[in-house]
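Chain letters run A, B, ... following the sequence lines, proteins first and then strands; every chain starts at 1.
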Protein chains: 2
Amino acid sequence: MLIADLSVREQILETANRLFYEQGYNLTGINQIIEEAGVAKASLYYHFPSKEDLCVEYLKKRYKNWSTLLQRFLANVEDPKERIIKSFECRSKYLVDTHFGGCSYTRIIAEMPQRSVKINDQVIANKEKQRMFFIEQIKKMKGTRTVAVSDLANAIFLLFDGATMQCQVYRDLHPMKNALKAVKMLL
Amino acid sequence: MLIADLSVREQILETANRLFYEQGYNLTGINQIIEEAGVAKASLYYHFPSKEDLCVEYLKKRYKNWSTLLQRFLANVEDPKERIIKSFECRSKYLVDTHFGGCSYTRIIAEMPQRSVKINDQVIANKEKQRMFFIEQIKKMKGTRTVAVSDLANAIFLLFDGATMQCQVYRDLHPMKNALKAVKMLL
DNA sequence: AAAAACTCAGACAAACTTGTCTACCTGACT
DNA sequence: AGTCAGGTAGACAAGTTTGTCTGAGTTTTT
């Protein structure tokens, strides 16, 4: 589990990333994190003022990892429509790789009805970045659009997000396939 | 908080329903439930073998309540297309009434990565019933369909479910409005 | 009348929770 | 030589968690 050559801070964050996502935020204790990260408790609280702050960094990391994966998938793909389709395929791979863990942002929200401002803002920021990806692609698309750019992008984003969640629930890729079919209907 | 004339079992379930949804399943303790329900701990464990079993009953109750609300919304609405649109409006009302609590089934899944079989089965059953509603409406729709019934119904279900989740995240109805726009594009 | 179902209050076990604090150590920079 | 960033181990506080159990009392059914 321990990854060599990682600073203590990175070791903590990497371990928290794994445990928060695999077990859930509320079910993961600070003690388990420091134990599995192989660091002292004071070290955790030296780098992260609280579990809540660690959660915010976790959310940032999740977005960074997703973004990296997506960029790899989209390298050499120019056509906007093709980029949208590829992003759904990227999501499918992500879901399989994570054993259908679903969207980490959504899950954090679901776990914390009494959302803190910090966590709320980070989740919204991450979601908005995902939404903007679709906005950008639709904007780039040629052809006279009969519907507004944002309406189409938002619809695709809803399908993307909805399918991610349903894949988690059903532990199967079929919702993502259905979402892709719907996207093709809309485009 | 206490509702008169309810049996002890119903009092417990009603309180659990409120607390699980408002605070989350993991953050709601048995002790809080019995305290707010005004019953003894032994009474809870007499009616529900475990917190997990209580959760299953909670999920059943949530579906029953949603189903009742939906039926009230759809009374006197015959046209399948209109019934679909009304179901989205019903969801909007539901979300506002629950202060954007989102979908209880989804949230339970999000909170419990190590899903028990009982809970998993109940969530799937509830979700499938919701999906079947859309299947039924599409089936009833006249006109030569260029796409398969299930593909269209699944797309609408994805939008419905995705919008419910996004409304929870954004604490706003705009995703549901976007979903409805998308549905109208598809129909 | 007897039995069964239901309800109460609360102690108890054995664990876990976040965060603080003491006390110490190492290495780098000024 | 001195300061400070970064690290160790672990005790501690004050609370929480689910579930069991004792022991009693009431209500309903047979």
Does the side chain to side chain donor-acceptor pair (under 3.5 Å) test come out yes or no for A:D161 and A:T164, once each step is laid out?
-> CA-CA 5 Å; A:D161 230 4; A:T164 298; 5.0 Å; no
Measure from NZ or CZ of A:K93 to the centre of the six-membered ring of A:F73 and say whether it is under 6.0 Å with the direction within 45° of the ring axis.
->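 The answer is no; the distance or angle limit is not met.
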Does A:R62 make a cation-pi contact with A:Y21 (under 6.0 Å, within 45 degrees of the axis)?
->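 Ring-cation test returns yes.
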What residues form a ring-ring contact (aromatic ring centres under 6.0 Å, His included) with B:F133, not counting sequence neighbours?
->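 Per chain and number, B:F133 pairs via ring-ring contact (aromatic ring centres under 6.0 Å, His included) with no residue.
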Please identify each residue that fulfils ring-ring contact (aromatic ring centres under 6.0 Å, His included) with A:F134, with sequence neighbours left out.
-> A:F160
Hey, is NZ on B:K140 packed in by over 12 heavy atoms from elsewhere, all under 6.0 Å?
->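 Yes.
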Can you tell me if CD on B:Q114 sees more than 12 non-hydrogen neighbours from other groups inside 6.0 Å?
->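 Yes, because the 6.0 Å sphere around CD of B:Q114 holds more than 12 heavy atoms from other groups.
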Nearest-Å distance, [atom1] ([X]) to [atom2] ([N])?
X     : N     : atom1 : atom2 : result
A:E35 : D:dA9 : CD    : C1'   : 13 Å
A:R9  : D:dA5 : CZ    : P     : 16 Å
A:L44 : D:dT8 : CG    : C1'   : 14 Å

What pairs of nitrogen or oxygen atoms, one from the protein and one from nucleotides 28-30 of chain D, lie under 3.5 Å apart?
none

Strictly under 3.5 Å: I want the nitrogen or oxygen pairs between protein and nucleotides 15-21 of chain D, one per line.
{"from": "D:dT18", "atom 1": "OP1", "to": "B:K51", "atom 2": "NZ", "distance (Å)": "2.8"}
{"from": "D:dT18", "atom 1": "OP2", "to": "B:I30", "atom 2": "N", "distance (Å)": "2.7"}
{"from": "D:dG19", "atom 1": "OP2", "to": "B:Y45", "atom 2": "OH", "distance (Å)": "3.2"}
{"from": "D:dG19", "atom 1": "OP2", "to": "B:K51", "atom 2": "N", "distance (Å)": "3.0"}
{"from": "D:dG19", "atom 1": "N7", "to": "B:K41", "atom 2": "NZ", "distance (Å)": "3.2"}
{"from": "D:dG19", "atom 1": "O6", "to": "B:K41", "atom 2": "NZ", "distance (Å)": "2.6"}

Does any pair with a residue in residues 172-187 of chain A pass side chain to side chain donor-acceptor pair (under 3.5 Å), and if so which ones, sequence neighbours excluded?
->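 Found A:D172-A:H174, A:K181-B:D151.
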Side-chain contact test, heavy atoms from C-beta onward, threshold under 4.5 Å: evaluate it for B:I34 versus B:I12 and give yes or no.
->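 Contact flag for B:I34/B:I12 side chains = no.
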Gap separating the CD1 atom of A:I124 from the CG atom of A:L59, nearest 0.5 angstrom | 11.5 Å
Walk along DNA chain C from 5' to 3' and tell me the first and last nucleotide with an atom closer than 4.0 Å to a non-hydrogen atom of chain B.
->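 So the outermost contacting nucleotides come out as C:dA5 to C:dA9.
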